[in-house]
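Report on one structure; see the data block that follows.
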There are 2 protein chains.
Amino acid sequence: MNNITSNHYNLDKCNNCPVRDLSFCNALDNSALEEFSALSKTKSFQDGQLIFSEGKTNEYLGSVVQGIVKIYKLLDDGRQQIVSLGFPGDMLGNIIDPEYNYFAESVGDTKICFYQVARINSFAESNPEIYRSILSKTTEQLGHAREWLLLLGRKTAQEKIASFLLLLAEHHKGDSPDQAFKIPLKRQEIADFLGLTIETVSRHFSNLKSKQLIREYAGHMLAIVDYDQLKALA
Amino acid sequence: MNNITSNHYNLDKCNNCPVRDLSFCNALDNSALEEFSALSKTKSFQDGQLIFSEGKTNEYLGSVVQGIVKIYKLLDDGRQQIVSLGFPGDMLGNIIDPEYNYFAESVGDTKICFYQVARINSFAESNPEIYRSILSKTTEQLGHAREWLLLLGRKTAQEKIASFLLLLAEHHKGDSPDQAFKIPLKRQEIADFLGLTIETVSRHFSNLKSKQLIREYAGHMLAIVDYDQLKALA
DNA sequence: GGGTGAAATTGACATAAATCAAATGGCGCA
DNA sequence: TGCGCCATTTGATTTATGTCAATTTCACCC
């Protein structure tokens with residue numbers, strides 16, 4: 001990420017820039033959006049690929065175009081906590097801090113659209129409303145983080161799992177109600193997102209299956225059988 | 001808070017507005033700061049007093065002037081998680097969401113400076129840099145929230161307590177190194193901040209005391225005896 | 001100074017989740 | 001088809017933290 005401009009990353013000029021469809025830029029009018037989009041470059045990442053690291057110079061602001069990105073923190077002994085999942089449309093990083101404070105890694109294959117922080121700032125001189133857009137995204141992320149504080153600090157393992165499944169379901173609302181979807185995270189990642197161990201995650205999945213609240217098939221396809229009852233557990 | 005403009009709250013016009021000294025407005029030049037400050041009103045709160053509630057219309061953005069404010073979320077059955085502590089200089093609330101998403105309550109006696117969100121927005125028409133200031137504060141809060149996600153999700157009770165004490169110590173750096181300070185939170189509040197029970201908090205305080213890493217006296221005065229060892233536990 | 005009530009501590013015990021260890025399942029690939 | 005590698009599940013056991021119940025401490029006030 002810190003050498004995103006170097007050739008071996010093979011960046012594409014982002015012509016029909018994805019930000020157009022993202023609330024990210026909802027404060028910009030069409031011509032400003034055009035101009036801003038021209039500053040972006042998209043890049044593809046494979047499953048498990050590192051996107052940026054804690055401590056590295058914060059040169060780029062990203063926007064998830066496709067796939068899911070996990071943002072996580074590490075303790076010295078390797079304990080890991082995922083602090084955010086970036087879905088399409090979500091902002092990645094910030095334009096304030098001099099360094100990244102997190103690790104970001106691709107969950108499955110992803111496409112991410114990057115903007116140089118420096119360019120955003122100079123663009124903002126004539127289009128200051130860009131800051132309000134970014135503020136809006138950041139406020140949203142703060143809300144999610146605090147929701148998760150409640151989950152991590154006060155919910156039981158079962159409640160955590162139920163909340164997580166409902167969160168995933170939220171992101172498939174468009175598809176069609178009660179539609180099955182693929183669980184994008186491995187059990188270990190779910191554990192690192194919920195502050196649990198892999199075994200506890202597995203056991204509670206089994207519980208929910210035996211209670212017929214969910215159904216899992218064909219690898220990792222998940223169907224929520226009884227949405228209301230699941231919600232009651234969350 | 002939703003009737004902050006009504007008489008019985010007895011608001012003072014904030015003449016020498018505290019925001020002047022807060023990074024909150026660091027993007028504003030002097031005359032703009034003057035103008036902005038004139039929009040503010042300070043209000044005092046007593047220990048335990050509710051400042052705003054989840055679900056109420058978000059009409060005001062606050063800035064903590066004096067004392068500490070706890071921001072928390074509740075589950076239906078009363079389980080509580082403090083998601084943020086607001087120290088002097090910290091922003092309270094946001095200018096994006098239509099409603100408050102949290103409860104805010106005074107920890108000890110506090111003074112808070114309020115701005116109407118609507119006025120901030122109209123002020124921003126001629127001073128758009130205000131958005132960058134608020135973005136900066138919000139990004140900082142997001143960083144703290146995510147740091148706490150790591151704590152809640154992955155740290156042991158002992159590590160949580162140690163981290164908490166170091167956090168408090170951070171806010172007394174100015175006073176003088178190794179200076180004792182008053183623990184502003186009750187045990188129950190500490191528990192609700194760390195995702196623990198009051199008994200676990202108490203036991204680990206006792207542990208740390210018997211290990212001579214900290215000393216507590218005269219009610220709730222705390223002295224960190226061995227800073228480095230405490231840090232090693234965090 | 002003694003009484004009152006809230007807050008904090010301490011003890012005994014229960015339990016949810018972690019840990020350790022095996023077994024099973026799924027999938028690419030020779 | 002079967003081997004090998006992960007990921008996942010399941011089981012047995014331990015442990016950190018929660019729960020329930022006294023007891024102690026402390027601030028406040030008459």
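A quick note: this is a predicted structure, and the numbers were derived from the prediction, not measured. A note on names: the letters A, B, ... follow the listed sequences, proteins ahead of strands, and every chain is numbered from 1.
Between R187(B) atom CZ and dT10(C) atom P there is a gap of 10 Å when expressed in whole angstrom units. As a whole-Å value, the separation of L196(B) CG from dA8(C) C1' is 16 Å. A straight line from CZ of R154(B) to P of dA17(C) spans 13 Å, rounded to a whole angstrom. Following rounding to the nearest Å, D192(B) (CG) and dA7(C) (P) show an atom-to-atom distance of 13 Å. Taking atom CD of residue Q188(B) and atom C1' of nucleotide dT19(D), one finds them 13 Å apart after rounding to whole Å. Rounding to whole angstrom units, CD of residue Q158(B) and C1' of dG18(D) are separated by 18 Å. Taking atom NZ of K209(B) as the reference point, atom P of dA8(C) lies 10 Å away to the nearest angstrom. The distance from atom NZ of K160(A) to atom C1' of dA17(C) is 9 Å, rounded to the nearest whole Å.
With a 6.0 Å cutoff to the six-membered ring centre and a 45° limit on the axis angle, K43(A) counts as a cation-pi contact of F45(A).
Between F114(B) and Y60(B), the angle of the ring planes goes over 60°, which puts this pair in the perpendicular group of the 30/60° scheme. Ring geometry for F164(A) versus F193(A): interplanar angle over 60°, hence perpendicular rather than tilted (30 to 60°).
Contact check on E99(B) versus K56(B) returns no salt bridge, with no Lys/Arg side-chain nitrogen under 4.0 Å from an Asp/Glu carboxylate oxygen.
Side chains of T156(B) and E159(B): a donor-acceptor N/O pair is present below 3.5 angstrom, by distance only. Counting only N and O atoms by type, the side chains of T200(B) and T197(B) include a donor and acceptor under 3.5 Å apart.
The side chain of H220(B) contributes an N or O atom lying less than 4.0 Å from OP1 or OP2 of dA8(C).
The nearest heavy atom of DNA chain C to V201(A) and to E216(B) marks one nucleotide each, and the one closer to the 5' end goes with E216(B).
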Strictly under 3.5 Å: I want the nitrogen or oxygen pairs between protein and nucleotides 10-13 of chain D, one per line.
residue : atom : partner : partner atom : Å
dT10(D) : OP2  : S206(A) : OG           : 2.6
dG11(D) : N7   : R203(A) : NH1          : 3.0
dG11(D) : O6   : R203(A) : NH2          : 3.1
dA12(D) : N6   : R203(A) : NH2          : 3.4

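Side-chain proximity of K186(B) to the nucleotides dG18(D), dA7(C), dT8(D) is greatest for dA7(C).
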Next item on the list: For the pair Q81(A) and Y72(A), evaluate side chain to side chain donor-acceptor pair (under 3.5 Å) and give the outcome as yes or no after the intermediate values.
Entry: CA-CA 5 Å; Q81(A) 178 65 45; Y72(A) 61 94; over 6 Å; no
